[in-house]
Amino acid sequence: MIDLRLLRDDPDVVRASQRARGESESSVDALLGADEQHRAALVRFEKLRAEQKGLGKQVARAQGDEKQQLLARTKELATAVKAADLTVTETADALRAAHLAVPNIVADGVPAGGEDDFVTLREVGEKPDLPSVRDHLELGELLGAIDMERGAKVSGARFYFLRGVGALLQLALFQCALAQAVEYGLTPMITPSLVKPGTMEGTGFLGSHATEVYRLEADDLYLVGTSEVPLAAYHSNEILDLAEPQRYAGWSSCYRREAGSYGKDTRGIIRVHQFDKIEMFSYCRPEQASDEHLRLLAWQEEMLGKIEVPYRVIDTAAGDLGSSAARKYDIEGWVPSQQRYRELTSTSNCTTFQARRLGVRYRGEDGKPQVAATLNGTLATTRWLVAILENHQQPDGSVRVPKALQPYLGRDVLTPVRP
RNA sequence: GGUGGUGUGUCCGAGCGGCCUAAGGAGCACGCCUCGAAAGCGUGUGAGGGUUCACGCCCUCCGUGGGUUCAAAUCCCACCACCACCGCCA
């Protein structure tokens with residue numbers, strides 16, 4: 001949710017942000033109107049309520065006839081108060097709905113436009129020169145590392161088994177990532193994969209992402225699509241000490257319905273219903289957020305360096321940000337079989353947008369609670385295996401293990417289990 | 001799954017229809033005392049919102065959501081969490 005005070009003081013900033021996203025400005029005016037109506041309703045209610053409380057005290061003291069007269073008046077008042085209260089509730093609900101409909105204000109410097117209007121900040125690493133290219137699934141099958149066929153037999157399309165060196169490789173990658181996180185002072189976390197509706201809603205994933213989310217109807221719980229959800233809600237309705245940013249690295253399985261992506265990336269483990277991920281999450285003061293964002297990005301690049309995969313860093317355009325983010329950087333790794341870059345990480349600066357909804361605050365210099373800023377960024381996912389396998393493949397189908405992962409895997413090359 | 005109990009401010013804890021504008025204590029902050037400290041004494045001590053140029057005034061919040069009443073922390077209903085015991089499973 002955006003800051004309503006900012007909206008009242010400077011609605012044009014919000015309108016400009018909407019234009020950059022390619023979204024309608026009418027939602028801004030709807031929010032302004034809802035805010036005004038709500039405040040008017042509040043004033044009316046509070047006036048009546050104050051009168052009711054005052055009279056209530058007189059009733060308590062009065063006797064006989066006087067009491068009866070007072071009771072007659074307070075009865076009328078009670079009806080009026082009830083009606084005014086109902087109006088407050090209604091306008092509050094309308095305000096909330098209008099509030100939720102306005103996405104975060106785009107940060108200065110974010111490229112305008114849609115999905116294809118990103119700006120490439122840099123390209124790093126040498127693309128491998130491969131005489132013949134096997135894709136990750138072919139390699140995964142040769143190595144006995146990925147079993148899509150049985151994934152489909154057991155669970156359906158877009159499910160898979162990681163087996164043998166595949167399972168070990170993922171664990172090695174994740175342990176490596178977690179070790180880096182710990183080295184930089186992040187608190188490692190293993191988080192719940194099922195969350196309550198309020199948690200899912202509070203983190204903003206029931207908005208435009210709603211169709212992406214698995215819901216367990218019998219228990220009214222949701223499967224998370226990222227540990228960002230439990231990590232963001234972890235400190236909800238708390239007042240934190242943010243002298244230093246509080247940083248976490250959450251390890252969880254992630255579940256996505258991938259509705260509307262029929263036919264896209266149907267081969268292999270690039271787009272699947274379930275995968276694992278280590279997600280960094282940071283709570284900090286708003287004025288530190290953009291520095292913190294670059295810090296998360298640097299840590300992601302360090303991890304990419306460790307798996308020795310060529311990548312590019314892109315500054316996502318406003319129209320492709322998602323509602324919570326003010327700015328988003330993606331790192332895309334080179335996928336030789338597709339001769340293009342594919343998203344491996346994403347880091348978002350949500351400024352105060354997410355924290356406001358979740359009630360995450362800190363004490364400012366004056367001791368008053370202020371809304372915190374939140375940021376998140378990927379540190380490793382199952383999809384990285386695609387880039388690792390393909391970029392380090394050798395003509396015989398074996399795969400070189402990046403140096404940084406060797407200690408965690410206990411070997412420097414993965415060899416086919418069948419020719 | 002069943003039965004019973006509990007849920008109050010930073011914490012402990014009283015309150016069980018109307019001076020609750022939430023007692024009392026602890027903690028914390030400041031001040032006095034002191035060479036300094038402890039003890040003691042005094043003062044203050046939550047969040048959100050509305051309104052106002054401002055001082056201030058007002059409203060909401062006693063697990064959550066409903067309800068009863070002129071009036072709810074207090075009564076009723078539902079839900080949630082925690083504790084205890086029983087059952088079941090490992």
Side-chain angles (χ1 to χ4, degrees), chain A residues 1-9 31-100 102 191-192 194-203 206 215-222 229-230 233-243 246 283 285-286 352-373:
Chain A
M1 291 195 254
I2 63 166
D3 184 354
L4 281 183
R5 286 179 205 278
L6 174 81
L7 174 74
R8 286 173 205 153
D9 294 347
L31 179 53
L32 276 169
D35 178 45
E36 208 154 299
Q37 290 204 354
H38 178 244
R39 278 185 296 160
L42 260 186
V43 169
R44 208 161 51 237
F45 166 76
E46 288 179 1
K47 215 178 126 203
L48 286 168
R49 179 67 179 151
E51 196 181 344
Q52 184 187 36
K53 284 175 74 169
L55 281 181
K57 269 169 201 160
Q58 290 182 40
V59 170
R61 269 184 261 116
Q63 298 289 327
D65 278 358
E66 193 195 352
K67 185 157 191 164
Q68 291 313 309
Q69 280 179 10
L70 279 172
L71 276 182
R73 283 173 58 198
T74 50
K75 246 172 217 183
E76 284 170 33
L77 246 187
T79 313
V81 166
K82 205 163 269 183
D85 189 23
L86 184 67
T87 309
V88 168
T89 307
E90 284 168 358
T91 55
D93 289 348
L95 173 61
R96 183 172 171 78
H99 207 170
L100 292 175
V102 176
T191 60
L194 287 167
V195 298
K196 300 193 285 187
T199 303
M200 203 49 122
E201 214 235 312
T203 46
L206 289 185
R215 176 165 178 232
L216 302 190
E217 187 135 14
D219 300 283
D220 203 15
L221 289 169
Y222 292 90
V229 173
Y234 187 67
H235 285 305
S236 58
N237 299 313
E238 293 182 18
I239 297 175
L240 305 178
D241 177 6
L242 288 182
Q246 293 210 26
Y283 297 89
R285 295 167 175 249
T352 57
F353 187 85
Q354 190 178 51
R356 183 169 292 106
R357 197 190 298 203
L358 288 165
V360 181
R361 294 170 296 168
Y362 69 98
R363 279 193 199 283
E365 307 303 336
D366 57 359
K368 289 282 168 214
Q370 308 280 329
V371 179

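First the proteins, then the strands, lettered A, B, ... as listed; each starts at 1. These figures come from a predicted structure and were not determined experimentally.
- Among the nucleotides B/G50, B/A47, B/C70, the one closest to any side-chain atom of A/Arg8 is B/G50.
- Base pairing of B/U21: no nucleotide in any strand meets the Watson-Crick or G-U wobble criterion (both distances under 3.5 Å).
- Annotation: B/C57 and B/G5 have their P atoms spaced 44 Å apart (nearest Å).
- Annotation: of the two residues near RNA chain B, A/Ala50 and A/Lys75, the 5′-most nearest-nucleotide partner is A/Ala50.
- From A/Thr203, atom OG1 reaches atom CZ of A/Arg357 across 7.5 Å, with rounding to the nearest 0.5 Å.
- Within the 4.0 Å cut-off from OP1 or OP2 of B/C79, not a single side-chain nitrogen or oxygen of A/Lys196 is found.
- The OH atom of A/Tyr222 sits 9.0 Å away from the CD atom of A/Glu201 when rounded to the nearest 0.5 Å.
- Of the P atoms belonging to B/G25 and B/G17, the separation is 25 Å, rounded to the nearest Å.
- Listed nucleotides: B/A47, B/G50, B/U60. Nearest to the side chain of A/Arg363: B/A47.
- For A/Lys53, whose side chain is taken as the heavy atoms from C-beta onward, the closest listed nucleotide among B/A47, B/U60, B/U51 is B/U60.
- Counting to the nearest Å, the C1' atom of B/G48 and the CG atom of A/Leu95 are 14 Å from each other.
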Under the side-chain contact (heavy atoms from CB on, under 4.5 Å) criterion, do A/Tyr283 and A/Leu242 qualify, and how do the steps go?
-> CA-CA 8 Å; A/Tyr283 297 89; A/Leu242 288 182; 4.1 Å; yes

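- Comparing the P positions of B/A22 and B/A73 gives an interatomic distance of 12 Å, to the nearest angstrom.
- Summarising the base pairing, B/G40 is matched to B/C32 through a Watson-Crick or G-U wobble pair whose two defining distances lie under 3.5 Å.
- Between A/Gln52 and B/A71 there is a side-chain N or O to OP1 or OP2 distance below 4.0 Å.
- Nearest-nucleotide mapping onto RNA chain B: of A/Phe45 and A/Ala78, the residue sitting toward the 5' end is A/Phe45.
- Look at B/U68: it lacks any Watson-Crick or wobble partner with both distances under 3.5 angstrom.
- Here A/Glu90 contributes atom CD and A/Leu95 contributes atom CG; the two are 13.5 Å apart, rounded to the nearest 0.5 Å.
- Dashed line: the shortest gap from a side-chain N or O of A/Arg44 to OP1 or OP2 of B/U51 is not under 4.0 Å.
- In terms of phosphate contacts, A/Arg39 brings no side-chain nitrogen or oxygen within less than 4.0 Å of OP1 or OP2 of B/G49.
- Remark: the separation of the P atoms in B/A72 and B/G18 is 11 Å, to the nearest Å.
- Annotation: B/C19 and B/U60 have their P atoms spaced 14 Å apart (nearest Å).
- Using Watson-Crick or G-U wobble geometry with both donor-acceptor distances under 3.5 Å, B/A73 finds no partner in any strand shown.
- Rounded to whole Å, the separation between the P atoms of B/G63 and B/C16 comes to 16 Å.
- Dashed line: the shortest gap from a side-chain N or O of A/Arg5 to OP1 or OP2 of B/G48 is not under 4.0 Å.
- Across all strands shown, B/C82 forms a Watson-Crick or G-U wobble pair with B/G5, both key distances being under 3.5 Å.
- Atom NE2 in A/His38 sits roughly 16 Å away from atom P in B/G48 (whole-Å rounding).
- A/His38 places none of its side-chain heavy atoms less than 4.5 Å from the side chain of A/His99.
- Side-chain proximity of A/Arg361 to B/G49, B/A47, B/U60: nearest is B/A47.
- Rounded to whole Å, the distance from CZ on A/Arg49 to P on B/C70 is 14 Å.
- Residues A/Asp241 and A/Arg363 have side chains not in contact (no heavy-atom distance under 4.5 Å, counting atoms from C-beta outward).
- Base pairing analysis places B/C61 opposite B/G46; the two distances defining the Watson-Crick or G-U wobble pair are each below 3.5 Å.
- In this structure, the NZ atom of A/Lys82 is 13 Å from the P atom of B/G66, given to the nearest Å.
- The separation between A/Asp85 atom CG and B/U68 atom P is 12 Å, rounded to whole Å.
- Comparing B/A47 with B/A37, their P atoms are spaced 30 Å from each other, to the whole Å.
- No more than 12 heavy atoms of other residues, nucleotides or ligands sit less than 6.0 Å from atom OH of A/Tyr234.
- Look at CE on A/Met1: it is 11 Å from P on B/G49, rounded to the nearest Å.
- Annotation: B/G13 and B/G27 have their C1' atoms spaced 14 Å apart (nearest Å).
- To the nearest angstrom, P of B/C59 lies 12 Å from CG of A/Leu48.
- In this structure, A/Arg356 places its CZ atom 12 Å from P of B/G48, rounding to the nearest Å.
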